[in-house]
2 protein chains.
Amino acid sequence: MSKATRMTKQKKVILDILRNTDCHPSADWVYEQARKLVPDISLGTVYRNLNVLRDSGHILELNYGSTYSRYDGHAENHYHFYCEKCHQLFNVKIPVYEGLDKLVKETTGFDVKNHRMEFYGLCNDCKASLSSSSSM
Amino acid sequence: MSKATRMTKQKKVILDILRNTDCHPSADWVYEQARKLVPDISLGTVYRNLNVLRDSGHILELNYGSTYSRYDGHAENHYHFYCEKCHQLFNVKIPVYEGLDKLVKETTGFDVKNHRMEFYGLCNDCKASLSSSSSM
DNA sequence: TTACTTGCAAACGCTTTGCACGCAC
DNA sequence: GTGCGTGCAAAGCGTTTGCAAGTAA
């Protein structure tokens with residue numbers, strides 16, 4: 001399906017970083033981490049590889065909630081929660097409703113391949129810091 | 001909840017445009033339409049008002065699927081379908097699962113306020129143009 | 001009158017890209 | 001050896017913002 005895709009040191013490092021984190025980092029964060037292992041890696045290379053890995057289905061690009069994309073090294077579909085105060089992304093551990101794709105396919109006639117769902121609100125820490133009036 | 005919010009000619013025009021279209025336009029498209037009614041309106045004003053209207057809950061900002069935001073003048077929650085070929089956004093007419101917010105609230109403990117869902121795939125036109133091999 | 005809103009244009013921030021060199025295959 | 005991937009830096013592009021003038025309340 002995709003082009004040759006040569007496995008370079010840089011691409012391997014980027015994929016490893018994403019696979020071994022449970023947060024949903026920005027391209028810049030990945031770049032900072034990658035520099036510890038490949039000091040002369042460039043930000044352009046990070047972006048290029050993130051796009052390649054996204055296109056080949058190895059990672060997810062999450063582009064809601066803020067002005068920049070975040071990436072997720074776990075490509076199986078799952079839902080996310082976005083905290084509107086601290087802007088963190090969390091995984092939501094409820095089952096993915098596969099049947100929804102079929103329902104929408106029947107309703108619209110479109111060729112539905114997958115779906116995404118994001119929940120919005122306040123995470124535990126931010127909820128607490130609000131209810132205790134001002135925390136500092 | 002929000003500031004004074006003065007009703008200006010510009011803000012009214014922008015809201016009217018969004019209320020009276022069934023597509024999900026970009027800021028630039030809104031700007032082009034608004035110029036027909038207020039010729040000397042500026043793009044900065046369009047962006048400022050879109051943000052004000054979004055913050056006051058009058059419109060939705062949809063920022064998935066591409067590098068720029070689209071806007072929806074119908075603020076009640078509903079789901080969307082994004083065509084990966086022609087990049088159009090469509091409304092999906094299935095009921096909104098309000099219970100999901102409660103489920104996630106119970107699962108995570110977070111203060112869940114709302115959720116969004118987007119389906120991805122090919123719309124009817126793009127599906128047809130693919131199945132007929134190459135249309136040109 | 002007051003201070004929110006505007007038009008203009010410059011600046012901003014994230015992302016992409018052109019180029020020549022380097023390296024995986 | 002071939003041509004895809006890289007580092008570097010500049011450009012691209014959607015969006016935001018500082019400022020002085022305009023205008024809704």
Side-chain angles (χ1 to χ4, degrees), chain A residues 1-18 23-56 58-72 82 87 89, chain B residues 1-18 23-56 58-72 82 87 89:
Chain A
M1 170 174 255
S2 28
K3 282 271 187 95
T5 272
R6 196 167 288 182
M7 181 50 67
T8 64
K9 180 176 51 174
Q10 290 87 342
K11 188 182 296 176
K12 189 169 180 344
V13 162
I14 291 170
L15 187 53
D16 279 351
I17 289 172
L18 282 175
C23 69
H24 301 81
S26 65
D28 208 64
W29 187 91
V30 174
Y31 170 59
E32 290 304 329
Q33 300 302 310
R35 285 220 291 181
K36 297 176 183 171
L37 302 168
V38 187
D40 61 346
I41 196 173
S42 77
L43 186 55
T45 294
V46 171
Y47 273 105
R48 268 185 292 232
N49 276 311
L50 288 172
N51 287 345
V52 167
L53 290 167
R54 181 244 291 137
D55 290 343
S56 60
H58 288 88
I59 65 174
L60 294 178
E61 180 180 4
L62 310 174
N63 52 359
Y64 34 73
S66 51
T67 55
Y68 54 91
S69 288
R70 296 135 188 261
Y71 296 88
D72 191 322
Y82 176 77
H87 310 296
L89 271 178
Chain B
M1 168 174 257
S2 30
K3 283 272 188 90
T5 272
R6 195 167 287 181
M7 182 49 69
T8 63
K9 179 177 50 175
Q10 291 87 341
K11 187 181 297 177
K12 189 170 180 343
V13 162
I14 290 170
L15 187 53
D16 278 353
I17 289 172
L18 281 174
C23 68
H24 300 82
S26 65
D28 208 64
W29 187 91
V30 174
Y31 171 58
E32 289 305 328
Q33 299 302 309
R35 286 220 292 182
K36 296 176 183 171
L37 301 167
V38 187
D40 61 347
I41 196 174
S42 78
L43 186 55
T45 294
V46 171
Y47 273 105
R48 267 185 294 234
N49 276 311
L50 288 172
N51 287 345
V52 168
L53 290 168
R54 180 242 291 138
D55 290 343
S56 61
H58 288 88
I59 65 174
L60 294 178
E61 179 179 4
L62 310 174
N63 53 358
Y64 33 74
S66 50
T67 55
Y68 53 90
S69 288
R70 298 140 188 257
Y71 297 88
D72 191 322
Y82 175 77
H87 310 296
L89 271 178

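Each chain gets a letter, A, B and so on, in the order its sequence line appears, and its residues count up from 1.
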Report summary line: Rounded to whole Å, the CG-P distance (B:D28 to D:dT15) equals 9 Å

Requested in this report: Starting at atom OH of A:Y31, determine the distance to atom P of D:dA9, rounded to an integer number of angstrom.
Outcome: 10 Å

Query raised in the report: Of all the nucleotides listed (C:dT6, D:dG3, C:dC19), which has the minimum atom distance to the side chain of B:R48?
Result: C:dT6

Query raised in the report: With sugar-phosphate meaning primed atoms plus P, OP1 and OP2, does A:Y68 contact a base, only sugar-phosphate, or nothing at under 4.0 Å between heavy atoms?
Result: sugar-phosphate

Report task. Provide, to the nearest angstrom, the distance between the CG atom belonging to B:N63 and the P atom belonging to C:dC14. Result -> 15 Å

Query raised in the report: How do A:N49 and B:S69 order along DNA chain D: which one's closest nucleotide is nearer the 5' end?
Result: A:N49

**Report entry** Contact under 4.0 Å: A:T45 side-chain N or O vs D:dG7 OP1/OP2
**Finding:** yes

Query raised in the report: Does D:dT15 have OP1 or OP2 sitting under 4.0 Å from an N or O in the side chain of B:Y47?
Result: yes

Requested in this report: Please test B:Y71 against B:H24 for side chain to side chain donor-acceptor pair (under 3.5 Å), starting from the C-alpha separation and ending with a verdict.
Outcome: CA-CA 5 Å; B:Y71 297 88; B:H24 300 82; over 6 Å; no

Query raised in the report: Hey, does B:N51 reach any base, or is it just sugar-phosphate, or nothing, if we go heavy atoms under 4.0 Å?
Result: sugar-phosphate

**Report entry** Phosphate OP1/OP2 of C:dC4: any B:T8 side-chain N/O under 4.0 Å
**Finding:** no

Query raised in the report: Mind checking whether A:R48 and A:T45 have side chains closer than 4.5 Å, heavy atoms only?
Result: yes

Query raised in the report: Once you round it to whole Å, what is the distance between P of C:dG13 and CH2 of A:W29?
Result: 22 Å

Requested in this report: Would you please test B:L89 and B:L62 for side-chain contact (heavy atoms from CB on, under 4.5 Å) and show each step?
Outcome: CA-CA 10 Å; B:L89 271 178; B:L62 310 174; 3.8 Å; yes

**Report entry** Working for side-chain contact (heavy atoms from CB on, under 4.5 Å), residues B:N49 and B:L15
**Finding:** CA-CA 9 Å; B:N49 276 311; B:L15 187 53; over 6 Å; no

Report summary line: A:K11 NZ to C:dG22 P, in whole Å, measures 20 Å

Query raised in the report: D:dG1 C1' sits how many Å from A:R6 CZ, rounded?
Result: 11 Å

Query raised in the report: CZ of A:R54 versus C1' of C:dT15: gap in Å, rounded?
Result: 11 Å

Query raised in the report: When you measure from the side chain of B:D40, which nucleotide among D:dG5, C:dT15, C:dG7 comes out closest?
Result: C:dG7

Query raised in the report: Of all the choices, C:dC23, D:dG7, D:dT15, which nucleotide is nearest to the side chain of A:I41 once you look at every atom?
Result: D:dG7

Report task. Let me know the distance between CZ of B:R35 and C1' of C:dC8, rounded to the nearest Å. Result -> 13 Å

Query raised in the report: Which nucleotide, C:dG7, C:dT16, D:dG7, lies nearest any side-chain atom of A:Q10?
Result: D:dG7

Report summary line: Of A:S42 and B:G44, the one whose closest nucleotide on DNA chain D sits nearer the 5' end is A:S42

Query raised in the report: Is there a side-chain contact between A:T67 and B:N63, using heavy atoms and a 4.5 Å cut-off?
Result: no

